[in-house]
Amino acid sequence: MPVTRERMAAVLEEIALLLEIQGENPFKVRAYRQGADVVKGFDGDIVALAEANMLTGIKGLGDALRDKLHELATTGELGFHKNLRADYPDSFFELFELEGLGPKKIALLNKELGVNSIGSLKTACEADKVAGLSGFGAKTQTKILDSIARLAQAATAFRIDVATLAAEEILEELRRHPAVLRASVAGSMRRAKEVVRDLDFIVATSEPAELTKFFSTLPQAKEIIVLGDTKCSIRTEAGLQCDLRAVSNSQFPFALQYFTGSKEHNVAIRSLALKHGWSLNEYGFTGENPPTVNEESDIYKALGLDFIPPALRENRGEIEAADAGKLPRLIEWENLRGTFHTHTTESDGKSTLAAMAAAAEELGLQYLGISDHSKSSPQANGLDQARLAAQIVTIANWNTEFAHEGFRLFAGSEVDILKDGSLDFDDELLAQLDFTVASVHNATTLSEDEMTKRIIRAMENPYITMLGHMTGRLLLRRDAYAVNHEKIIDAAAETRTVIELNCNPKRLDMDWRWWHRARDKGVLCSINPDAHSTQQIQFIKFGAEVARKGWLRREDVLNTKPLAEMTEWLKLPKQRR
DNA sequence: GCCGTTTTCGGCCCGACTGTTTTCAGTCG
């Protein structure tokens, strides 16, 4: 059984937890945790490198972790890890999911009561054995039971579309409060992560205690988790935790920067501040002659850095780039001139062709690519050859009758990639289309190798314009298919196939972590909403945010081309694109 | 365990809040 990147990261994370339980040096614990983060985010085939024992010169992975990852990659196991966890069942690790319980308390529960799973903890609480432990009490015991109940039923992560709606509502309320001078969302939502675990809000006010009180009484506050003079956490009906920090107006830029994160980005920023002779925290700079700061950008400026857009703050090279004045000028959604991959009532869409066209134009777009499903997706009412041929005529007629200078429809298809990598339509029909999106919709359990070959074969077809939702993931619902991103990106560069950034918030696929690499290989991105209704065309706004997170510039995104240029580009043979 | 424009040894972020304490430990972000 070959070791995966995820397995390697999980092993390091488990080691961190187990060392923490044993009361090991917290910095050693952190080193393992950071090692796991490096493994997860590494840009390249880290498993192959570990196997070849070539993990050198990677920040955060020293000699010890290099050797351990090598052992894990070559033997499938790690002796150090095996020994550490010998005394604990798999179920033990569930305990860390519970709110309010950390390594110290879990270690004590384990030592005193033999607790080694959520089930045994529940039993112990119900038998009133937990309240008597030193450091525990009746309240803690009740909270543990609450937390167990919540974990059993509530969602712990939320998609960006769901979170955005909730955040906008709350921000609106905060901004309406007369004592609020400035208010912003911070945290992972501001960094445009694909899913968020909580929402963070920062307000500038001279009445912090009044604001935390106000926050705790919002209609959204189904439950108050903590309430103090400067911070408050609530939970909404849907189970989404929302945190508020109330600070003074002069502290606001610092709090905004600090709580936007990421943690890794902030660690690096703070150590840079130390080199300038200042200490930086969520309230300000301290030290000799601290710089004047009015806006968040002033913090970066004071450290000799260009302003780093929140989407990039993941400690993936943005600080070095900002230092060298080499941050990319990121795409903005207003740069988009059109979009592809949309569905109509002809397959499984909810809106007609005419309605989709009108909505796209309303949004300020100059073109819309229609790509209904193909016949191998009968569940989506996919079109056969005859229906597709008819749709091509319909679109041509629409363009003649209704289009005017400055807007047109492009005829396309979301063609199924069949199990062997062949396509659902023959080349003759594909050649009549303005564009095509090739996607996998069935036989999704192939091995990584087979799936990768299948997709690459489809990309080699001269009439395939772009690859649709590369991994097929449905966020929080279905895992990605096994695919080799590196190989597919290389093949896209080779065959001049565009890769789609499917910005339906259920997908956001290809994942943002891979775009920087794709861009550097010269692969173009198309920001496509996979819209099944007129409203969903607006998903391209999420798409632009995610593209920013992937370091993409205007010139890296196909659908920033204006209509005339786009029309010409689509006529070019692939190898000349 | 990792790292290096103070350092190959000695640092590595720290403040708010809660509950159990009677001055503080643990958790969280």
Side-chain angles (χ1 to χ4, degrees), chain A residues 12 15-16 18-21 23-38 55-69 80 95-109 130-144 146-147 186-188 191 196-202 208-209 212 216 224-234 241-247 251 254-255 257-287 304 323:
Chain A
L12 294 183
I15 291 174
L18 292 164
L19 292 177
E20 214 170 11
I21 284 284
E24 250 292 4
N25 174 358
F27 299 108
K28 186 191 272 197
V29 172
R30 191 161 76 185
Y32 277 96
R33 208 156 269 149
Q34 271 174 354
D37 288 339
V38 170
L55 292 174
T56 48
I58 299 167
K59 206 162 179 275
L61 297 182
D63 295 349
L65 265 65
R66 181 200 60 208
D67 291 346
K68 289 191 170 71
L69 289 174
F80 180 68
L95 292 166
F96 293 89
E97 305 290 316
L98 295 171
E99 225 170 287
L101 284 189
K104 293 280 173 14
K105 285 195 164 141
I106 291 174
L108 192 77
L109 287 165
V130 170
L133 293 179
S134 126
F136 290 73
K139 249 179 163 164
T140 308
Q141 184 167 277
T142 310
K143 279 198 155 183
I144 290 173
D146 287 349
S147 177
S188 52
R191 298 202 313 280
V196 302
R197 298 194 180 276
D198 59 13
L199 294 180
D200 297 283
F201 299 91
I202 315 289
T212 56
S216 74
I224 299 170
I225 303 166
V226 293
L227 172 59
D229 288 345
T230 62
K231 69 178 271 190
C232 175
S233 297
I234 59 170
Q241 181 174 333
C242 303
D243 300 336
L244 175 77
R245 290 283 179 150
V247 296
Q251 292 168 336
F254 295 99
Q257 196 282 329
Y258 184 90
F259 289 106
T260 294
S262 67
K263 203 174 66 199
E264 295 76 18
H265 173 89
N266 284 351
V267 167
I269 288 291
R270 282 194 301 272
S271 80
L272 189 58
L274 284 175
K275 286 177 191 158
H276 283 78
W278 302 310
S279 147
L280 175 65
N281 65 19
E282 63 262 55
Y283 302 114
F285 281 118
T286 51
D323 184 45

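Since the model is a prediction, treat every value here as computed from it, not as a measurement. Note that these values count all heavy atoms, side chains included, but never hydrogens, waters or copies made by symmetry. By convention in this document, chain letters (A, B, ...) are assigned in the order of the sequence lines, proteins followed by strands, and residues within each chain are numbered from 1.
Remark: C1' of B:dT7 and NZ of A:Lys275 are 13 Å apart, rounded to the nearest angstrom. In this structure, the CD atom of A:Glu99 is 15 Å from the C1' atom of B:dG19, given to the nearest Å. With rounding to whole Å, A:Phe27 atom CZ is found 17 Å from B:dG4 atom P. Nucleotide B:dC2 holds its P atom 13 Å from the NZ atom of A:Lys59, rounded to whole Å. Residue A:Lys139 contributes atom NZ, which lies 16 Å from atom C1' of B:dG26 at whole-angstrom precision. Summarising the geometry, the separation between CG on A:Leu274 and P on B:dT6 is reported as 11 Å, rounded to the nearest angstrom. If you take CZ of A:Arg30 and P of B:dG10, they are 19 Å apart, rounded to a whole angstrom. In this structure, A:Asp37 places its CG atom 14 Å from C1' of B:dC2, rounding to the nearest Å.
Residue contacts for A:Asn266: at a heavy-atom cut-off of 4.0 Å it reaches no nucleic acid atom on any strand shown. Residue A:Pro103 is in sugar-phosphate contact alone, with no base atom involved, counting any heavy-atom pair closer than 4.0 Å across all strands shown. Among the protein residues, A:Lys263 comes within range of no part of the nucleic acid, since none of its heavy atoms lies under 4.0 Å from any strand. Among the protein residues, A:Glu24 comes within range of no part of the nucleic acid, since none of its heavy atoms lies under 4.0 Å from any strand. Residue A:Leu280 is out of contact with every strand shown, counting any heavy-atom pair closer than 4.0 Å. If you check every strand for non-hydrogen atoms under 4.0 Å, A:Tyr258 touches a base. Nucleic acid contact for A:Gly60: sugar-phosphate only, since backbone atoms but no base atoms lie under 4.0 Å from a heavy atom of the residue. Using a 4.0 Å heavy-atom cutoff across all strands shown, A:Gln34 reaches no nucleic acid atom at all. Nucleic acid contact for A:Ala138: sugar-phosphate only, since backbone atoms but no base atoms lie under 4.0 Å from a heavy atom of the residue.
Between A:Lys143 and A:Asp146, none of the side-chain N atoms (NZ, or NE/NH1/NH2) sits under 4.0 Å from a carboxylate O, so this pair counts as no salt bridge.
Closest contact between the side chain of A:Glu282 and the listed nucleotides B:dT20, B:dC17, B:dG15 involves B:dG15. Comparing B:dT18, B:dG1, B:dT20 by their nearest atom to the side chain of A:Leu65 picks out B:dG1. Residue A:Tyr32 has its side chain nearest to B:dG1 when only B:dG29, B:dC17, B:dG1 are considered. Checking B:dA16, B:dT20, B:dG4 against the side-chain heavy atoms of A:Lys231 singles out B:dA16 as nearest. Of the candidates B:dT27, B:dT20, B:dG1, B:dT27 carries the atom nearest the A:Lys104 side chain, counting heavy atoms from C-beta on. Ranking B:dT20, B:dG1, B:dG15 by closeness to the A:Lys68 side chain, first place goes to B:dG1. The side chain of A:Ala64 sits closest to B:dC2 out of B:dC13, B:dT20, B:dC2. Nearest nucleotide to the A:Lys28 side chain, out of B:dG29, B:dG4, B:dG1: B:dG1.
Closest approach of A:Thr212 and A:Leu227 over heavy atoms only: O-CD1, 3.5 Å. A pairwise comparison of heavy atoms in A:Phe285 and A:Ala273 identifies CE2-CB, 4.2 Å as the closest pair. Smallest separation of non-hydrogen atoms from A:Ser188 and A:Asp198: OG-O, 4.3 Å. Nearest heavy atom pair, residue A:Glu99 against residue A:Ile225, reads OE2-CG2, 4.0 Å.
Classified by interplanar angle (parallel below 30°, tilted 30° to 60°, perpendicular above 60°), the ring pair A:Tyr32/A:Phe80 is parallel.
The base of B:dG1 sits within donor-acceptor range of the side chain of A:Asn25, with an N or O pair under 3.5 Å.
Distance check on atom P: B:dA16 versus B:dT22 gives 24 Å, rounded to whole Å. Atom name C1', nucleotides B:dT21 and B:dG26: the rounded distance is 12 Å, in whole Å. With both ends at atom P, the span from B:dG1 to B:dT6 equals 27 Å, rounded to whole Å. Only the P atoms considered, B:dC14 is 22 Å distant from B:dT8, to the nearest whole Å. Straight-line distance between the P atoms of B:dC24 and B:dC9: roughly 36 Å, to the nearest whole Å. The P atoms of B:dC13 and B:dC3 are separated by 14 Å, rounded to the nearest whole Å. Taking atom P in both B:dT27 and B:dT20, the straight-line distance is 13 Å, to the nearest Å.
Comparing A:Gly62 and A:Lys105 along DNA chain B, the residue whose closest nucleotide (by nearest heavy atom) sits nearer the 5' end is A:Gly62. The residue among A:Gly137 and A:Thr212 whose nearest nucleotide of DNA chain B is located toward the 5' end is A:Thr212.
Distances shorter than 4.0 Å separate none of the side-chain N or O atoms of A:Ser271 from OP1 or OP2 on B:dC13. A close approach under 4.0 Å does not occur between any side-chain nitrogen or oxygen of A:Tyr283 and OP1 or OP2 of B:dC13.
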Task: Check against side chain to side chain contact (heavy atoms under 4.5 Å, CB included), A:Gln257 and A:Asn266 - done: CA-CA 8 Å; A:Gln257 196 282 329; A:Asn266 284 351; 3.2 Å; yes

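The nucleotide B:dT8 finds no pairing partner, because no Watson-Crick or G-U wobble arrangement with both distances shorter than 3.5 Å includes it.
Residue A:Glu20 is tested with A:Arg33, A:Arg30, A:Lys28 for a salt bridge (charged side-chain N to carboxylate O under 4.0 Å, His left out); the sole match is A:Arg33.
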